[in-house]
Amino acid sequence: MENKILYPFFCIFFSIFISGCRQSAPVKAHGPVPTPEQLEWQKMEYYMFVHFGPNTFTGVEWGNGAEDPAVFNPRALDCRQWARTAKNAGMQGIIITAKHHDGFCLWPSRYSDHTVRNSPWRSGQGDVLAELSAACREYGLKFGVYLSPWDRNNPAYGTPEYNRLFANTLTEVLTSYGPVFEQWFDGACGDLVSSPYDWSLFNSTVQEHQPGALIFSDVGPGCRWVGNERGFAGETNWSTLDTSGFTPGRGAPSTIILNSGQRGAPYWIPVEADVSLRPGWFYNPDTDNSLKSVEELMDIYFGSVGRNANLLLNVPPDTRGRIPAGDSLRLMEFRQRRDEVFSRDLARGDAAFATSVRNDGSRKFRPDNVTDADYDTYWIPEEGITTAALTIDLGKEENFSALMLQEYIPLGQRIARFIVEYADPEEDRWLLLAQGTTIGYKRLFRFPAVTSDKIRISILEADAPPLLNAIAIY
Ligand code: FUL
């Protein structure tokens with residue numbers, strides 16, 4: 001008897017359950033997607049580059065490799081001060097020039113005589129990489145290394161034998177200082193003829209000893225150069241690139257291509273924008289009064305992090321081996337300005353509506369996922385729909401002057417054109433606020449302040465149904 005009463009309810013419940021299961025097939029990725037390491041790297045957004053070595057003391061940008069190691073003598077080197085500065089600046093890691101073009105090694109390499117071992121610093125007993133990696137661990141920062149293949153000191157440079165030597169040097173660094181988040185390969189070579197580099201040996205050496213590290217070069221494979229040293233990614237910036245047939249350095253694609261990526265290309269190689277706080281990469285007393293202004297740094301931030309790129313900002317220590325007070329102060333002012341802009345997200349937790357929502361019965365893809373501050377929840381329109389609009393209701397009129405959009409890249413980069421509008425508080429119409437092509441991991445806009453209670457983002461072109469996981473308004 002009891003069973004007879006419950007049976008219909010059971011049938012209804014079961015069929016809802018089954019239809020939910022049937023429709024909730026996971027959203028499929030479109031095209032190449034980031035590896036877990038690339039995604040984690042992208043979320044770092046902003047970290048420090050440190051150019052330090054004999055050039056710090058000789059005042060040149062490219063040492064010729066013939067400098068006396070005795071010039072390297074920082075009297076008050078303090079890697080903890082670098083790490084503390086990076087941490088307070090809001091950075092997530094530090095990449096150091098372990099070996100720049102002059103070949104000088106900041107650690108006592110057994111593969112070279114041109115190293116700290118032959119300098120007066122700490123009576124030849126010092127190791128900058130050991131001190132910096134320990135300082136990074138202490139301050140919760142990631143540690144990365146730059147090693148230049150172009151070596152103006154090494155006698156084997158230019159011969160095939162050099163490749164083995166460089167691989168051994170890499171192995172030494174990558175097995176001695178704990179986890180490395182990024183291996184930076186400089187493509188620069190000022191010599192007329194460069195060495196016949198064995199890139200596959202270099203890359204496999206990194207992959208073998210630091211499988212979690214991203215390999216930076218002009219063409220990746222972990223992340224790519226932005227194509228300039230000013231810190232600006234393209235307005236259009238795809239994280240995809242076709243690198244077949246290309247190599248770092250002289251064999252790289254044009255800087256225009258590196259700057260904007262290639263839509264529909266087969267490899268996921270996101271952009272890193274490198275730029276220096278000073279006019280040069282190395283410390284020079286002549287540039288003490290030429291630091292980038294906070295406004296310039298804000299432009300760079302919106303032009304890099306705000307255009308789907310990571311920002312690698314160079315902060316060179318001086319001849320004491322410390323970041324000068326002026327540089328550190330500028331970094332703090334820059335942080336303060338960013339904090340002011342991004343302190344309060346006016347859209348957080350607000351309601352959102354969309355012209356199309358994928359329905360799997362679970363409300364998993366609801367539009368207000370974009371305001372829930374959870375990176376892994378997103379809105380997606382119905383299958384086959386590539387143009388759609390999403391409106392956020394702020395609940396009341398707010399005054400705002402900046403905007404952040406995030407596309408859910410773990411499932412691929414899809415959006416190719418969009419506009420953002422706000423509801424005119426006076427009349428029943430929408431006014432243009434911002435427009436662009438790509439979004440990718442993050443897109444930021446600044447504009448003269450407006451007042452409104454609603455904003456609407458319209459995706460006008462996408463290679464597959466667009467996925468947005470975050471929209472913030474400041
Ligand atoms: C360039 C180098 O030649 C510069 O000295 C600097 O290291 C910069 C980051 O990369 O290619």
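Counting starts at 1 for both ligands and their atoms, in listed order.
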Under 4.0 Å from a heavy atom of [X]: give me the atoms of ligand 1 that qualify, with their elements.
X    : value
A188 : 3 (O), 11 (O)
F49  : 9 (C)
Y146 : 7 (O)
D274 : 9 (C)
E229 : 1 (C), 8 (C), 10 (O), 11 (O)

**Prompt:** Quick one: is the NZ or CZ of R330 closer than 6.0 Å to the six-membered ring centre of F334, and within 45° of its axis?
**Reply:**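 Verdict for F334: no cation-pi partner in R330.
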**Asked** Which class fits the ring pair F202 and F166: parallel under 30°, tilted 30 to 60°, perpendicular over 60°?
**Response**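 Geometry flag for F166 against F202: perpendicular rings.
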**Asked** With under 30° as parallel and over 60° as perpendicular, where do the rings of F185 and W199 fit, or are they tilted in between?
**Response**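 Perpendicular, since the angle between the ring planes exceeds 60°.
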**Heavy-atom proximity to atom 5 (O) of ligand 1, best of H51, E61, H100** =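 The nearest heavy atom belongs to H100.
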**Prompt:** Does ligand 1 have any atom that is closer than 4.0 Å to a heavy atom of W62?
**Reply:**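 Checking ligand 1 against W62, which is what was asked, there is a heavy-atom contact under 4.0 Å.
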**Prompt:** Would you say ligand 1 has an N or O under 3.5 Å from any N or O of D186?
**Reply:**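 There is such a contact, yes.
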**Request:** Please indicate whether any nitrogen or oxygen in H101 is less than 3.5 Å from any nitrogen or oxygen in ligand 1.
**Result:**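 Yes, H101 has an N/O under 3.5 Å of an N/O on ligand 1.
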**Request:** To the nearest 0.5 Å, tell me how far I269 CD1 sits from Q262 CD.
**Result:**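 The CD atom of Q262 is 9.0 Å from CD1 of I269, to the nearest 0.5 Å.
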**Request:** List the steps, then state whether side chain to side chain donor-acceptor pair (under 3.5 Å) holds for Y375 with Q406.
**Result:** CA-CA 9 Å; Y375 183 82; Q406 284 194 296; 5.2 Å; no
**Sole residue of F181, W82, F143 in ring pair (Phe, Tyr, Trp, His ring centres under 6.0 Å) with Y47** =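 Among F181, W82, F143, the one that satisfies the ring pair (Phe, Tyr, Trp, His ring centres under 6.0 Å) with Y47 is F181.
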**Message:** Check whether T56 reaches the backbone of F52 with its side chain - one donor and one acceptor, N or O, closer than 3.5 Å.
**Reply:**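 The answer is no, because no donor-acceptor pair under 3.5 Å joins these two groups.
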